[in-house]
Peer 1: 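I am attaching a structure below and will ask some questions about it afterwards.
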Amino acid sequence: MESKKMRRVLEERLAGKDRVISYDREKDQLRIESGLVGKGITVSLPGIIAKWYIEKEKAIDEIVYYVEEGLRAMEDPIQLTDHEKKIFPVIRSSSFPAEAEEGIPFLIDEHTAETKIYYAYDMGKTYRLIDARIMEKEGWEASRIKEIALFNIRSLSTSLKEDQAAGNIFYFLNTNDGYDASRILNKGFLNDIEKRIKGKMVLAVPHQDVLIIADIRNDRGYDVIAQMAMSFFANGRVPITALSFYYEDGELEPIFILGKNK
C-alpha cells in the first residue's frame, strides 16, 4: 500500500466532529488533533504501512484504536484525589520524550541506562502520563504519586506462562493491561522468581505489554533471549528496549548479547 492510500484510509477512519487532521508531506506523518483541547497525536505512515504488509487490516485497526483512545484520554478530565487506585508506573525507553508537546514536563524517575519510569493515570482502555500541570492542579507532591504507583503495581496479577528452549526456561507475563513491563518494578515478585532460578536470571521488557524472565543455564540461552527480545521489540505497539538485563540482589544490569554460538 502506498502512503497516499494509507493517508486517505486513516483520514476517513479518524475523521469526526472537533477533529483537525493535517499531513506533513516532508516527514510523511499524519497529525490528528482534538479541537476541544488543542492537543493531538502524530503517526508516521511508513511504519504503519510496513506493519500493514504483515498484518493487513489489523495494523490499521490497531493504529485507529491507539489514536481514538489517546485523544479520549486527552479530552477527559483527570482527578487523582479519591482515584488513587488508578495511578501506576509505566516503563519507557530512555529516549522517550521528557515532556508533553506543550512543553510540560512529565513526572519521571531514573531506572536503568536503557529505561525510565513514568507515572500514569489509568482511564480504562488507555492511560494518560502524569505531568507537572496535573500535579499542580491536584496539589500533589511527586513522592506521593510514586509511593501510590509502586503500591498499586504490586497489587496486579503476576501469572506466568512457561516455555523451554535449548535447556533454558523462559517465563512470560503478558496480560495486556498496559502494565506488563511495569511488573519489573515489583521487587517482591522478582525476588520470589529469583529463588526458582537455577542458572542466571535475565529479564527483558521489549515493549510495554510483556515481561520476559529467563533462567539462563547455558550459552545458547543468551542467543534465545536476545532473539526473543528483538522480535518483541520490533512488533510492540510501545517499544521499550531490545536489550536484556541481569537481575541479582535486587539490581538490574543491562547486558549486550553477541552470538555466543558460532
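FYI, the numbering just counts along the sequence from 1.
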Peer 1: More than 12 non-hydrogen atoms from neighbouring residues, nucleotides or ligands closer than 6.0 Å to CD on Glu162, yes or no?
Peer 2: yes
Peer 1: Tell me whether Asp215 is salt-bridged to Arg217, with the criterion being a basic N under 4.0 Å from an acidic carboxylate O.
Peer 2: yes
Peer 1: Mind checking whether Leu45 and Ile32 sit in one hydrophobic cluster, side chains of I, L, V, M, F, W, Y counted as touching below 4.5 Å?
Peer 2: yes
Peer 1: Might you confirm whether atom CE of Met230 has over 12 heavy atoms from other residues, nucleotides or ligands at distances under 6.0 Å?
Peer 2: no
Peer 1: Counting distance only, does the side-chain N/O of Asn152 pair as donor-acceptor with the main-chain N or O of Ile87 below 3.5 Å?
Peer 2: yes
Peer 1: Grouping I, L, V, M, F, W and Y whenever their side-chain heavy atoms are under 4.5 Å apart, do Leu203 and Leu185 come out in a common cluster?
Peer 2: yes
Peer 1: Tell me, with the steps shown, if Val210 and His207 meet side-chain contact (heavy atoms from CB on, under 4.5 Å).
Peer 2: CA-CA 6 Å; Val210 69; His207 62 70; 3.7 Å; yes
Peer 1: Answer yes or no: is there a side-chain heavy-atom contact under 4.5 Å between His111 and Ile184?
Peer 2: yes
Peer 1: Is Asp122 salt-bridged to Lys85, going by a charged N under 4.0 Å from an acidic O?
Peer 2: no
Peer 1: Establish, yes or no, whether the cationic atom of Arg183 lies under 6.0 Å from the six-membered ring centre of Phe189 and within 45° of the ring axis.
Peer 2: no
Peer 1: Are Tyr247 and Phe172 linked, directly or through intermediate hydrophobic residues, by side-chain heavy-atom contacts shorter than 4.5 Å (ILVMFWY only)?
Peer 2: no
Peer 1: Do you know the tightest heavy-atom contact between Phe233 and Ala242?
Peer 2: CD1-N, 3.7 Å
Peer 1: Quick one: does Thr241's side chain have a donor or acceptor within less than 3.5 Å of a partner on Leu243's backbone?
Peer 2: yes
Peer 1: Counting heavy atoms not belonging to Lys56, are there more than 12 under 6.0 Å from its NZ?
Peer 2: yes
Peer 1: Hey, are the side chains of Ile41 and Val43 touching, using non-hydrogen atoms and a 4.5 Å cut-off?
Peer 2: yes
Peer 1: For Gln164 and Ile169, run side-chain contact (heavy atoms from CB on, under 4.5 Å): C-alpha distance rounded to whole Å, both residues' side-chain angles, the deciding distance at 0.1 Å, then the answer.
Peer 2: CA-CA 5 Å; Gln164 296 189 24; Ile169 300 177; 4.1 Å; yes
Peer 1: Any non-hydrogen side-chain atom of Ile130 less than 4.5 Å from a side-chain atom of Met135?
Peer 2: yes
Peer 1: If you compare all heavy atoms of Asn218 against all heavy atoms of Ile216, which two are closest, and at what distance to 0.1 Å?
Peer 2: O-CG2, 3.4 Å
Peer 1: Is the shortest distance from a Lys or Arg side-chain nitrogen in Arg72 or Glu69 to a carboxylate oxygen in the other one below 4.0 Å?
Peer 2: yes
Peer 1: How far apart are the closest heavy atoms of Phe106 and Pro97, and which atoms are they?
Peer 2: CD1-O, 3.7 Å
Peer 1: Please report the closest heavy-atom contact between Lys39 and Leu71, naming both atoms and the distance.
Peer 2: O-CD2, 4.2 Å
Peer 1: Is a donor on one side and an acceptor on the other found under 3.5 Å between the side chain of Glu84 and the backbone of Asp82?
Peer 2: yes
Peer 1: Indicate, with yes or no, if Val205 and Ile193 share a hydrophobic cluster defined by side-chain heavy-atom contacts under 4.5 Å among Ile, Leu, Val, Met, Phe, Trp and Tyr.
Peer 2: yes
Peer 1: Please name the pair of heavy atoms, one in Ser44 and one in Gln29, separated by the smallest distance, quoted to 0.1 Å.
Peer 2: CA-CG, 4.2 Å
Peer 1: Looking at Pro89 and Ser182, what are the two nearest heavy atoms and their distance?
Peer 2: O-OG, 2.6 Å
Peer 1: Go through the steps for Ser95 and Ser93 under the test side-chain hydrogen bond (donor to acceptor under 3.5 Å, both in side chains), then give the verdict.
Peer 2: CA-CA 5 Å; Ser95 62; Ser93 163; 2.9 Å; yes
Peer 1: Just by distance, do the side chain of Gln208 and the backbone of Val238 share a donor-acceptor pair under 3.5 Å?
Peer 2: no
Peer 1: Show your reasoning for whether side-chain contact (heavy atoms from CB on, under 4.5 Å) applies to Leu160 and Thr158.
Peer 2: CA-CA 6 Å; Leu160 298 169; Thr158 53; 5.8 Å; no
Peer 1: With Lys116 as the cation and Phe96 as the aromatic partner, state whether NZ or CZ is under 6.0 Å from the six-membered ring centre and within 45° of the axis.
Peer 2: no
Peer 1: Determine, step by step, whether Asn168 and Tyr222 satisfy the side-chain hydrogen bond (donor to acceptor under 3.5 Å, both in side chains) criterion, reporting the C-alpha distance in whole Å, the side-chain angles of both residues, the deciding distance to 0.1 Å, and the verdict.
Peer 2: CA-CA 9 Å; Asn168 303 273; Tyr222 290 100; over 6 Å; no
Peer 1: Would you check if there is a donor-acceptor pair between the side chains of Asp109 and Tyr118 at a distance under 3.5 Å?
Peer 2: no
Peer 1: So do the side chains of Trp140 and Thr81 get within less than 4.5 Å of each other, counting heavy atoms only?
Peer 2: yes
Peer 1: Could you walk me through whether Met123 and Lys86 satisfy the side-chain contact (heavy atoms from CB on, under 4.5 Å) test, starting with their C-alpha distance in whole Å, then the side-chain angles of each, then the deciding distance to 0.1 Å, before giving a yes or no?
Peer 2: CA-CA 8 Å; Met123 305 183 79; Lys86 295 183 177 182; over 6 Å; no
Peer 1: Going by heavy atoms in the side chains, are Ile212 and Ile225 under 4.5 Å from each other?
Peer 2: yes
Peer 1: Among the clusters formed by ILVMFWY side chains lying less than 4.5 Å apart, do Val9 and Tyr53 turn up in the same one?
Peer 2: yes
Peer 1: Step through the shown structure and confirm whether more than 12 heavy atoms of other residues, nucleotides or ligands are within 6.0 Å of OH on Tyr65.
Peer 2: yes
Peer 1: Counting C-beta onward and ignoring hydrogens, is there a side-chain heavy-atom pair between Asp131 and Ile134 closer than 4.5 Å?
Peer 2: yes
Peer 1: Contact between Glu248 and Met201 at the side-chain level, heavy atoms closer than 4.5 Å - yes or no?
Peer 2: no
Peer 1: Out of the candidates Arg13, Arg8, Arg7, only one should pair with Glu11 under the side chain to side chain donor-acceptor pair (under 3.5 Å) rule; please name it.
Peer 2: Arg7
Peer 1: Flag the pair Ile48 / Leu10 as yes when at least one side-chain heavy-atom distance between them is below 4.5 Å, and no otherwise.
Peer 2: yes
Peer 1: Take atom CD of Gln227 as the centre, draw a 6.0 Å sphere, and report whether it contains more than 12 heavy atoms from other residues, nucleotides or ligands.
Peer 2: yes
Peer 1: Return yes if some donor-acceptor pair links the side-chain N/O of Asp209 with the main-chain N/O of Asn176 below 3.5 Å, else return no.
Peer 2: no
Peer 1: Ion pair present between Asp223 and Arg220, side-chain N to carboxylate O less than 4.0 angstrom?
Peer 2: yes
Peer 1: Charged N to carboxylate O below 4.0 Å: is that the case for Glu68 and Arg19?
Peer 2: yes
Peer 1: Between Tyr171 and Arg196, is there a cation-pi geometry (under 6.0 Å to ring centre, at most 45° from the normal)?
Peer 2: yes
